[in-house]
Amino acid sequence: MGRYHKFYPSANELYSLPVQEVDHSISVQDGQRLLQSGLLGGLLIKKENEHSVILPEDLAGASDDNLSIVSVARRPAIYFAAETPVSELFEKWTLTQDSVPVVTGQNDQPLGIVDPLAAAALMHQEFVKVRSYLDSVLNLVNESVCGIDLGHKVVIWNSKAEELYGVKSEEILSGRIEDFFSNIRITNCMHENKELRGHYHQPCDGTHVLINSGPVAAADGILGGVSVEKDITEVVQLNQELSKASSQVKLLEQEIRKMSGQDCAFRKLTGRSLAIQNLINFGKKVSSTDATVLLRGESGTGKELFARAIHQNSTRHLRPFIVVNCGAIPNNLFESELFGYESGAFTGADRKGKPGMFELANGGTIFLDEIGEMPLEMQVKLLRVLQEGSYYRVGGSESVQVNVRVLAATHRDLESMISRRQFREDLYYRLNVVTLEIPPLRERREDIPELVHLFVQEFCQKYGKSVVKIEPSVMTSFLDYSWPGNIRELKNAVERLVVLTEGDIIDEQSLPENLRRNTYISLVTAPAAQGKLIDVAVEAEKQLIIKTLQQVRGNRSEAARVLGIPRSTLYYKLRQLGIPAKG
C-alpha cells in the first residue's frame, strides 16, 4: 500500500501450513510418509546454497524406494521474516511465481509456508477494507474527485462530482472523459507526469474550480490520473458582487467625504498660482498612499497646513494626527517624548508611565516638524522605527509595534547638514521618499490678494469687525513687499490692520511702518516716479487693477471682490484709467 495509509497485515498472518526441514538424502517414500503422518505443508531442503521446498503433490507420482528426494522436481524457497508486510511479500513473490514463500521466526527458524488459498482470502479482505475506506473518503470530501486510467476511461467519480457537473456516475464510469468534457487538465498531468496545485480552472460555463491534479504512479509506472476540484463558483460570484458593492461604497465614501469636508482638505490651501495648483495636485496623489513625505520650504510657507491636508485626504483621516516640533523639545527629553517611558524609568517620571507621540499616533499620522533640529542620537532610533515599525519605551524591555505614517518638514538645507555630519544620510534617504517643495510667498505674489481677503474675513469674524473695503494703495504695498516671514507674516500683518482699523475701510495709514517704508522705496525707485506724486499714485492703482484682472482672467466681479471695492467703482476706474474691459 501507499505511504499515507496502512491496511496491510504482516507475513505471520498468512502461513497456515507447517514446514519441516529434512536431510537431502531422505528417500521419496520416507518423504511421503513424513508428509502424510505429520500433516505438513511441505518439506524444506537445504543443500549447499540451494534452498527448496517439496510439496505433497510433488511426491504424488514418485514410488521408487531408492529414489532420493533431491531427484524429485522441487520449488525454490524464498524467506520472509514474520513481521514482513504482506505488501512486500507479494511484491517479491510475484517476481518468482513458481517459488514458495517460507515464513521464519527468531534465529531464522522456519515457521511454515504460505498457503495460497489463505493468501488469496487475506488479499480479498484487504481489498474490501481499502475499497470501503476509499468509498467513505470519496463520499465525505467536499471536493469533486475524478480518476482515469491510461485509456482515459473514468474509474472514479464521487457524489460531489455528480453534484458539481450534473453527470451521474452510472453515465460516466468506464466512459472516456473526452466524451463529457473539453479543456481537460487531468489528462495533461497524467501524460506529462506533473502535478497542479491550486490551479484556477473553468471547466464549463458558469463553473469555477481550483484543481489539484496529478498522475497515479505504481512501482511499474503510471496507472492513470486523478484530479480533486474545489468548487469556488459561489466564491467567485460573491467576489463579483462584492466588487460591485465595493465600487458603490467608494462612491458613497466620496459623497460622505464631500459632505463631511474631508474632500475639501486641499481646498483650504488658498492660492491660484500655477506652483500651488501643481503642488496641490501632487499632494492629492501622495495622500492616497502611505509613503513618507518630506515637506521643504521656508518658515511660514504653510508646511503644516499641507501635512494636515495630506492626512485628512488619506485613509487614515479618522485616526490621530500628531504634531511634533523637533526644535522645541530639549535633547534630554527627546526619546521619552517620542517613544514614551515605563514606570520609574527616571527621576520625576510618572509612576504609571507615559505613552510617546508614536504610540499616540498609532493607526494615524505623525508630523515631525523641523526634522533638521533632531539630535543625531535620536535620528538613529527614528530610522529603526521607520524601517521596522517598532521601538522600546525608555526603561522598557518589550517591543512596541506601531503602524504610523510619517510626514516630516524642514526649512534647513539637509544636504549641507549631511556633508557636515549634522544629519544622517540613511535617515535622509528614508524620509525623502516623496518631496514637496513649497514656494515662498514672494514667488507667488498673485496669491496675495486672495490670501489678504481670506484673512480679513477670518479676523473680522473673530474681532467683530466689519471691513468692506481695502484701499488699492494697501494692496499695492502687500504686492510690493518681499514677505520674508511668508504667509505667517502676511497673516499677522492683516490681523494688525483689522484690529487697528476703526471704520470699515483699511487704508494706508493702518499699515505697519515696515510696509509703508517698503512701499515708499518701491514707488520712488520705479520709472513712474519721474512725474508728480499724484501721477505715481494713479499709475500704481492702474497697475494693481490690471494685474488683478489678469489673475482672475478678466472676471470683473471677481476682480472687484479681490480689490475690495464695489463693482460699479471698478467700472468707473476702468473708464477713467483707460484700462480695456477685458483686462
Side-chain angles (χ1 to χ4, degrees), residues 265-284 286-287 293-310 323 325-328 367-373 407-418 423 428 431-432 434-456 458-459 470 474-497 511-519 521-523 525-526 543-544 547-548 550-552 562:
F266 282 95
R267 295 182 186 177
K268 297 177 183 178
L269 302 175
T270 305
R272 300 186 181 183
S273 62
L274 182 61
I276 288 298
Q277 288 302 312
N278 289 339
L279 205 59
I280 289 174
N281 292 333
F282 189 53
K284 287 180 179 179
V286 172
S287 64
V293 180
L294 179 62
L295 297 111
R296 309 188 69 164
E298 296 178 6
S299 180
T301 52
K303 296 187 289 296
E304 183 177 339
L305 196 62
F306 258 96
R308 287 186 182 275
I310 291 172
V323 179
N325 189 333
C326 299
F367 175 53
L368 301 176
D369 197 10
E370 301 299 342
I371 190 69
E373 311 302 324
L407 305 178
T410 184
H411 70 280
R412 302 282 297 273
D413 185 351
L414 296 182
E415 291 78 9
S416 297
M417 293 180 67
I418 291 172
F423 198 85
Y428 170 77
L431 291 172
N432 197 30
V434 177
T435 301
L436 293 181
E437 292 278 356
I438 303 177
L441 188 58
R442 62 181 175 274
E443 294 181 7
R444 54 185 186 106
R445 294 179 186 273
E446 58 267 43
D447 292 333
I448 291 177
E450 187 173 358
L451 288 167
V452 169
H453 284 281
L454 180 68
F455 294 147
V456 166
E458 178 183 340
F459 292 119
I470 301 175
V474 174
M475 193 63 72
T476 301
S477 299
F478 282 140
L479 290 170
D480 287 339
Y481 186 56
S482 61
W483 300 108
N486 293 293
I487 297 176
R488 185 182 292 120
E489 184 183 6
L490 174 64
K491 187 174 184 178
N492 292 339
V494 173
E495 183 176 12
R496 180 182 187 279
L497 291 177
L511 286 173
E513 185 62 29
N514 61 330
L515 283 177
R516 277 189 289 176
R517 189 185 314 112
N518 183 80
T519 303
I521 294 172
S522 175
L523 290 173
T525 56
Q543 292 300 322
L544 175 62
K547 182 180 295 185
T548 304
Q550 290 173 347
Q551 293 169 5
V552 299
V562 172

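We're numbering straight along the sequence, starting at 1.
Scanning all heavy atoms of the two residues, the minimum distance from Gly283 to Ile310 falls at O-CG1, 4.3 Å. Across all their heavy atoms, Ser273 and Arg444 have their closest contact at OG-CB, 3.7 Å. In terms of heavy atoms, Met475 sits closest to Pro449 at SD-CA, 3.8 Å. Here the closest non-hydrogen pair linking Val494 and Val452 is CG1-O, 4.1 Å. Shown here for Leu368 and Cys326, the closest heavy-atom pair between the two residues is CB-SG, 4.2 Å.
Here the straight-line distance linking atom CG of Leu441 with atom CD of Glu298 works out to 10.0 Å at 0.5 Å rounding. The CD atom of Glu370 sits 6.5 Å away from atom OG of Ser299, with the distance rounded to the nearest 0.5 Å. Taken from OG1 in Thr410 to CE in Met417, the straight-line distance is 7.0 Å, to the nearest 0.5 Å. The distance from atom CD1 of Ile487 to atom CG of Asn492, rounded to the nearest 0.5 Å, is 12.0 Å. Once rounded to the nearest 0.5 Å, the distance linking CZ of Phe478 with CG of Leu497 reads 4.5 Å. Here Asp413 contributes atom CG and Ile418 contributes atom CD1; the two are 9.0 Å apart, rounded to the nearest 0.5 Å.
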side-chain contact (heavy atoms from CB on, under 4.5 Å) between Leu294 and Leu414: does it pass, once the steps are laid out?
CA-CA 11 Å; Leu294 179 62; Leu414 296 182; 4.1 Å; yes
Phe306/Leu279 under side-chain contact (heavy atoms from CB on, under 4.5 Å): CA gap, chis, key distance, verdict:
CA-CA 9 Å; Phe306 258 96; Leu279 205 59; 3.5 Å; yes
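No donor-acceptor distance shorter than 3.5 angstrom exists from the side chain of Lys303 to the backbone of Ile438, with no hydrogens or angles considered.
Counted by atom type alone, Arg296 and Thr435 present zero donor-acceptor pairs between their side chains at under 3.5 Å. For Thr301 and Asn486, the side-chain atoms include no donor-acceptor pair closer than 3.5 Å.
Inter-residue side-chain proximity for Phe423 and Ile371 is flagged as met; some heavy-atom pair is nearer than 4.5 Å. Side-chain contact between Trp483 and Glu489: present, with at least one pair of heavy atoms (C-beta onward) separated by less than 4.5 Å. Looking at heavy atoms from C-beta onward, Glu495 lies out of side-chain contact with Lys491 at the 4.5 angstrom threshold. Contact annotation: the side chain of Pro439 approaches that of Ile276 to within less than 4.5 Å [non-hydrogen atoms, C-beta and beyond].
We find that Arg412 and Glu373 are joined by a salt bridge, their nearest charged nitrogen and carboxylate oxygen being less than 4.0 Å apart. Ion pairing between a basic and an acidic side chain is recognised when a charged N comes within 4.0 Å of a carboxylate O; Glu304 and Arg308 show such pairing.
Below 30°, between 30° and 60°, or above 60°: for Phe459 and Phe455 the angle between ring planes is between 30° and 60°, a tilted geometry.
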